[in-house]
Structure formats: structure tokens, C-alpha cells
Asker: 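Could you have a look at this structure, given as C-alpha cells, before my questions?
Positions are given from 1 along the sequence. Reckoned from all heavy atoms, side chains included, excluding hydrogens, waters and symmetry mates. These figures come from a predicted structure and were not determined experimentally.
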Amino acid sequence: MNCVNCGFENKPGAKFCASCGVQLPESPVLTQPERPAAAKTCQNCGFENLPEAAFCGKCGAQMPEAPAPAPKECKDCGFENKPGETACENCGEQTAGEPAGGTHTPDLKKAASEAAKKLKSLPFKTILAALIAVIAVAAVIVVLIVVLRPSRYSMENSSIHFFDDKDAVTVSAGGSAKFSIEGEMISSLGSMDGATSALLTQNSDETVKTLWLVTVKGAVRIADGVEDYRIAGSGKGVLYFTDYNQENETASLHLYDTVSQKSDIISDEAFYTSYDYTACISPDGKTVGFVSDYDEEARELTGYIKAGNNPVERLGKNVVAVAAADGGKYLYYARLTDSGASLYVKSGDAENRLIADYDPYVHGGMFFTEDCSQMIFHMDGRSYISRNGGERVKISNSEINSLIVPDRVQTGAGNFVQLSASVYGVKSFASLLGDTGDGIVRIGENFEAVEVSGIYSSSVYQPAVSEDGKRLLYIDYSGDLYVIDPAGKNARAETLAEEVTFFMAAGDGKTVYFRNEYDELWVVKGNGKPGKIADDVSGICSLSPGGGGIYYLMDYSDDNGGILYYANSGGEREKIAGADAVMNLWASADTVFYETAGSEVYRSSGGKPFEMFFERPDTAD
């Protein structure tokens, strides 16, 4: 009898599911079949159950657990999953030793509640400044009782745009909302999915700075008197400083919960200056690292961490939190000395030194996955990875300068003095592509970066990859446009077009628009022959949301702009009514904008006609 909750095939006559414990529909009188090998005997009623039974099929009592088998390491990212898992909890790949298409088995102790809920939401100061990074990633995961294999990427799915007026900020949110916020705009930071932003404004005499939470629903005032701020990648937390004391270089540090819309004070005397941002926030917005007790004369400071509802924890003298994973599970921090610093990662009580003598000019930037469980960095001309708080492992004899991901993949970056920390909306770095400057490498299942063969030139420009990872597009030094399967064995790059200046590709990588040296716009489908769309096309082009078509300008001049057209994937074009003097054009995940020579901004979303959205103020007044 198959369980209506989890689909497990139970023994005939069973009253309770042997997998999840849910009561089964009434059935004929239960009979005792021949006992199978290694059958489990219920200690409550004596019924002989299947060896894999977690609950008794007759009385529903929980069966005694067998000795736990060894954890199952994911062949893709190395994460140690629970025995019986068929999909990796970290990256979603099929775990080794299970047939393809297997069903994820939930934690048996949580099965009853999961069945009811149906889902679950898952110099010294220069050295200091160079080691501070705010790590922003999206981390909202929904898990069904039968878990489907998740996507490799987290995509941007919404957008918020700000237009600064003289006395207010006009906001476009979600492609359709429009509202105003009082004050002059100073800066804004958005969540990784584009659905939430934090906005800092000031009043007309520049005496009061106000921090706002902005969503498609409108704006909520977070606090006045704010000096600086950062938003978590998930958009669930905003970290900000108030009450700045310039003489003592201290400020009050607060954490704002965007869900409850309440703030908690983390420290009354956190170290802060107008040019050093010495605090970090975890992707889920729950964990904060900061510095206090700064003594410049003694060249000492103290680092602290606050994870969730736990009290503030002292990290130690001259220890600075650089980044924190969700729930504070992994903590990246630096130990400072007079001459430099060492970089560590900590998981529980175990810590691993990643870089002995960190020099921001030599070691450059760092890459994190969306939950900060993996970090890639380079030193001495080689690239290394740390996974799940573990020690560093070399993955390449070349420096990976950037990762190649589809355009809509969420990305975030924090640039503070010399340190640059970039966050990618990926669950694992396995199977991703990296640009070394001398070629393209593919990070394999065992986290060894192998050069993509079949690329004819070491000079690769504008590399782009499809969302399924099967089509890598690039231009070489001569301007030829190529496509190759970066994971294919014995694959060879195929020429799609010649004399190309730039190209844009849809998410599947099969519809590619390109402009050549003669200002002609072309489209090529798959590996077919290109078809010309138009002549005299400017370099101002933008894919439509979803990447199915392209907006472009013809007959462009610096004084009068150009005429706006749209072409679909088949190359058929149409003129946009009234768009005859367009100076600029841009698009996001859900919205397309263009600006005219008269400083009027028009907006379109969901394929609807363009409408006048905003007119920039006359700066001469």
C-alpha cells in the first residue's frame, strides 16, 4: 500500500507508513508474512517490520534506530549529507550511490510536522579597514515534503529603481509601483533578488540623514541620524550606525529586522569612522560581526560576534570578523598584527588558517557562495577553496579572477578600502566556470579547475554562459564570436560570426544578438546562420526582461539621440511609438526604461506599452 503522504510502498495491511509514520487508510486485517532477512521487530507489539521501517506498520510506534551509517559525501560539492539522502542538501546534485530521479527522504523526527505544514522555509588602521567585508546573499529556501532538485543558481526576479528629484526620491518598484520618498538621495543598496532595498536620504539642509526600507509595497522609515548601513543579501536584515562620535571614533550599531520592522541595538560603542566600515552581516541578516574597544595608541581592538538571539560573544583581541555564514555556522575572521594579518575560518570549535600573511594588494578579492559555505581566493599565483569551514585546498595553478555566471544570477559585492568580497547566487562552486585571464577553467565535481579545451585563443573577451551551463559564448582577439560546450569531452569551439564588437545572449544561450564593426545588428539561433536585423545601430542596446527580444537605437547622434526599436528572436522588428529622441536605454529583471533628450524617463513592464514615468528636474533652477 502506497502512502498518500510520501509515496512509500508499505507492506500489505499496514496501518502506519513505515517511512514517515502517517496513518494509512483502513485496510483488511493485518496478516503476518514470512519474516524477511534482518527484519525489525517492534518492541511495543512484536510485529515483524521491513528492515528499513522507521515506524511500526501495525501500531505506529517508532522503531529503534539502527547504527548510523557513514555520512554520504556529495560527489558534486563534497557536502556530508545524512544517510539515505538522494539530493545534496548543499548544492542539490544527485548524491553518489543512488539511482537518478530518487526521492528525497525528510528527517524522520520532523516528518509529522512537515506533513502538516507541507513546506518549510528553509598601517594598523589601514590593515583593519582592508579586512572588513559585508557579505550579502539571498538565503530563502522552500522545501516541500517531496523535495524537487533545486536550480544551481538564484536569479534576480525583481527590481527597484530610484530617481533623485530636488526634494524627493521617485521610486519604481516591481515594474509597476510608483511612489515618492521625502529627502535628497545619498545612496541605496539592494538585496540579491532585487526585491528589497535600503535607501539613505538627507533633508534639504543636510543636517539629518534618514534610512528607509523600500519594497514594492512602499517605504518604511527605519531611523534618523544614520551614518552608514548595509543590507543582508536576503533582504531580511539591515545593519546601520547612528550617534557617530568623531573624536572617539565610535557609534551605536543597530540591526533592523525587515520582517518584524523592529530594530535591536547591538553595541553602544562600536568602532566606526566615516571611511572605515568595520562590521559585517550574514546572508540571512541574523548574525553580525563588529569591532569595539579600539585603542589607536596601543594598536589594539576587540572583535565581537552576535548570532541570532544569542548574547554578544567576544572573539578576542585584534580579531576582526570579515564574513559570517547563515546562523553564524561558519565565521571568517582576521587576526591582526603590527605588520599584517592572517585570515581564518571557524566552524564550531575548529578553526583553519587560510592565509598566513594577508596582503590585500597581492591576494586581491574573494568569492563566496550565497550562504558563505564556500570561499575561493588566490595567492602566490594559485587559486584555493575552503568548503564548510574546512582548510584550504588548491583548485588551480592559475589565479581565477572572476566567475562566469548567467546575467540574471544574483551577485553582490562589498568594496571597502583594499578588500573586495564578491558573493554569487550559487549553492556551490562545483561545475562553474572561471576566467583566469589566460583562458577559461571549469571547476569540477572534486573542485579541481581544469582548463576548457577546444578554445582556440587564450584571449577571451565578454565570456557568457547559458543558465544550463552547456553553452559558453565569447569573442576572441580578432572579433570572432564562438560557442562551445565547456563540459563536453573533446568539444571544439564553433564560429558563429565574425567582426563582432559585442553580443547579448538569452538565458538559454541559443538566441544571440550581436553588433558588428559595420554597425549592423544580427541574430543567430543555436548554431545556425546569422540573420541581419538592422543597419546603423548604436552601441546602446538592451535585452528585454527574459531575454527573448532586444531593444536598440538606430540613427543615433550625441545631440538628438536615436529611434527606439524592438526585435524578437526571429529578427522581426517594430518601432516603439513616440520614442524618436532616445538618449539612453536600460533594462532589469522586470522593467525596461528609456530616457529622451528632453530628460523624460519612460517605463514598460510585462510587455505593456511604454508610459512616461519621471521627468528629471531642471538643474539650472
Side-chain angles (χ1 to χ4, degrees), residues 396 398-409 431-443 449-544 547-554 556 565 567-573 585:
S396 175
S398 300
E399 293 185 358
I400 299 176
N401 300 314
S402 63
L403 297 176
I404 305 170
V405 295
D407 287 340
R408 285 201 312 116
V409 170
S431 301
L432 261 62
L433 303 177
D435 190 347
T436 66
D438 295 321
I440 304 297
V441 296
R442 184 176 185 271
I443 303 172
V450 178
E451 185 173 0
V452 176
S453 60
I455 295 179
Y456 300 126
S457 171
S458 61
S459 300
V460 174
Y461 303 100
Q462 302 178 32
V465 66
S466 59
E467 293 176 4
D468 62 6
K470 295 182 179 180
R471 290 176 68 85
L472 171 66
L473 298 142
Y474 67 92
I475 300 174
D476 72 356
Y477 68 94
S478 64
D480 290 347
L481 175 62
Y482 290 92
V483 62
I484 188 174
D485 180 357
K489 294 182 179 180
N490 303 317
R492 292 290 181 268
E494 297 184 29
T495 305
L496 294 181
E498 299 176 350
E499 299 176 311
V500 175
T501 57
F502 75 85
F503 70 92
M504 296 179 173
D508 62 4
K510 296 179 181 179
T511 300
V512 183
Y513 301 92
F514 65 89
R515 180 175 177 264
N516 63 20
E517 296 178 357
Y518 309 103
D519 298 338
E520 299 169 339
L521 182 64
W522 295 71
V523 62
V524 57
K525 303 289 290 291
N527 291 19
K529 294 183 178 180
K532 187 165 72 170
I533 296 175
D535 297 302
D536 194 20
V537 175
S538 79
I540 304 175
C541 301
S542 183
L543 290 179
S544 62
I550 188 171
Y551 290 92
Y552 61 95
L553 298 181
M554 291 181 60
Y556 183 86
Y565 285 84
N568 61 23
S569 60
E572 299 175 356
R573 70 181 191 181
L585 167 71

Asker: Just verifying a value: how many Å separate Ser478 OG and Glu499 CD, rounded to the nearest 0.5 Å?
Answerer: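 Answer rounded to 0.5 Å: 9.0 Å.
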Asker: Keeping the roles fixed (side chain from Arg515, backbone from Ile540), state whether a donor-acceptor pair exists under 3.5 Å.
Answerer: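 Such a contact is absent between Arg515 side chain and Ile540 backbone.
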Asker: If you measure from CG on Leu473 to OG on Ser466, what distance do you get to the nearest 0.5 Å?
Answerer: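 Spacing of CG (Leu473) from OG (Ser466) equals 7.5 Å.
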Asker: Show the nearest heavy-atom pair for residues Gly437 and Asn401, with the distance to one decimal.
Answerer: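 Smallest heavy-atom distance, with atoms named: N-ND2, 3.8 Å.
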Asker: Is a salt bridge present between Asp535 and Lys532, judged by a nitrogen-to-oxygen distance below 4.0 Å?
Answerer: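 Salt bridge present between Asp535 and Lys532.
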Asker: Is there a side-chain contact between Ser569 and Lys525, using heavy atoms and a 4.5 Å cut-off?
Answerer: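 Yes; the side chains approach each other to less than 4.5 Å.
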Asker: Supply the atom-to-atom distance Phe502 CZ to Phe514 CZ, rounded to the nearest 0.5 angstrom.
Answerer: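 Rounded to the nearest 0.5 Å, the CZ-CZ separation comes out at 11.0 Å.
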Asker: State, yes or no, whether a side-chain contact exists between Leu481 and Gln462 at a heavy-atom distance under 4.5 Å.
Answerer: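 Heavy-atom side-chain distance check fails, nothing below 4.5 Å.
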Asker: Surrounding CG of Asp407 (heavy atoms of other residues, nucleotides or ligands, distance under 6.0 Å), is the total greater than 12?
Answerer: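 Incorrect, the count does not exceed 12.
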Asker: Taking atom OH of Tyr482 and atom CD1 of Ile475, what is their separation to the nearest 0.5 Å?
Answerer: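 If I round to the nearest 0.5 Å, the distance is 11.0 Å.
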Asker: Are any of the side-chain heavy atoms of Glu467 and Asp508 separated by less than 4.5 Å?
Answerer: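 Not touching, per the 4.5 Å side-chain cut-off.
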Asker: Ignoring hydrogens and geometry, is there a side-chain-to-backbone donor-acceptor pair from Ser542 to Leu585 under 3.5 Å?
Answerer: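 Not confirmed, Ser542 side chain does not pair with Leu585 backbone.
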Asker: Is there a side-chain contact between Leu472 and Ile455, using heavy atoms and a 4.5 Å cut-off?
Answerer: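 Yes; the side chains approach each other to less than 4.5 Å.
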Asker: When you measure from the side chain of Thr511 to the backbone of Ala506, do you find a donor-acceptor pair of N or O atoms at a distance under 3.5 Å?
Answerer: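 Absent.
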Asker: Say you draw a straight line from CG of Asn527 to CD of Glu494; how long is it, rounded to the nearest 0.5 Å?
Answerer: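 Asn527 atom CG to Glu494 atom CD measures 4.5 Å (nearest 0.5 Å).
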Asker: Measuring only between side-chain heavy atoms, which start at C-beta, is Ile533 closer than 4.5 Å to Tyr513?
Answerer: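 Side chain of Ile533 against side chain of Tyr513, heavy atoms only: contact under 4.5 Å found.
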Asker: Taking Asn516 for its side chain and Val500 for its backbone only, find out whether a donor-acceptor pair lies under 3.5 Å.
Answerer: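 Not a single qualifying donor-acceptor pair exists.
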Asker: For Asp435 and Val460, what are the C-alpha separation, side-chain angles and deciding distance, and is it a side chain to side chain contact (heavy atoms under 4.5 Å, CB included)?
Answerer: CA-CA 9 Å; Asp435 190 347; Val460 174; 5.6 Å; no
Asker: Applying side chain to side chain contact (heavy atoms under 4.5 Å, CB included) to Ile484 and Ile440, what does each step give before you reach the verdict?
Answerer: CA-CA 11 Å; Ile484 188 174; Ile440 304 297; over 6 Å; no
Asker: Side chains of Asp438 and Thr436: do they bring a donor and an acceptor to under 3.5 Å?
Answerer: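 There is no such pair between these side chains.
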Asker: So do Val450 and Arg442 actually touch side chain to side chain, heavy atoms under 4.5 Å?
Answerer: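 The answer is no; the side chains never approach within 4.5 Å.
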Asker: Heavy atoms, side chains only, cut-off 4.5 Å: are Val523 and Ile550 in contact?
Answerer: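 A side-chain contact under 4.5 Å is absent here.
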Asker: Supply the atom-to-atom distance Tyr474 OH to Ser459 OG, rounded to the nearest 0.5 angstrom.
Answerer: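 Reported value, rounded in 0.5 Å steps: 10.5 Å.
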Asker: Please report the shortest heavy-atom distance between Ala505 and Leu543, naming the atom on each side.
Answerer: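 Looks like O-CD1, 3.3 Å.
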Asker: So, for Ile404 and Gly434, which heavy atoms are closest and what is the spacing to 0.1 Å?
Answerer: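 So the two residues come closest at CD1-C, 4.4 Å.
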Asker: Got Ser538 and Tyr552 here, is their nearest side-chain heavy-atom distance under 4.5 Å?
Answerer: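 A side-chain contact is absent here, since even the closest heavy-atom pair is not under 4.5 Å.
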Asker: What is the minimum heavy-atom distance between Arg573 and Ala534, and which atoms define it?
Answerer: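 Reported closest heavy-atom pair: NH1-CB, 3.1 Å.
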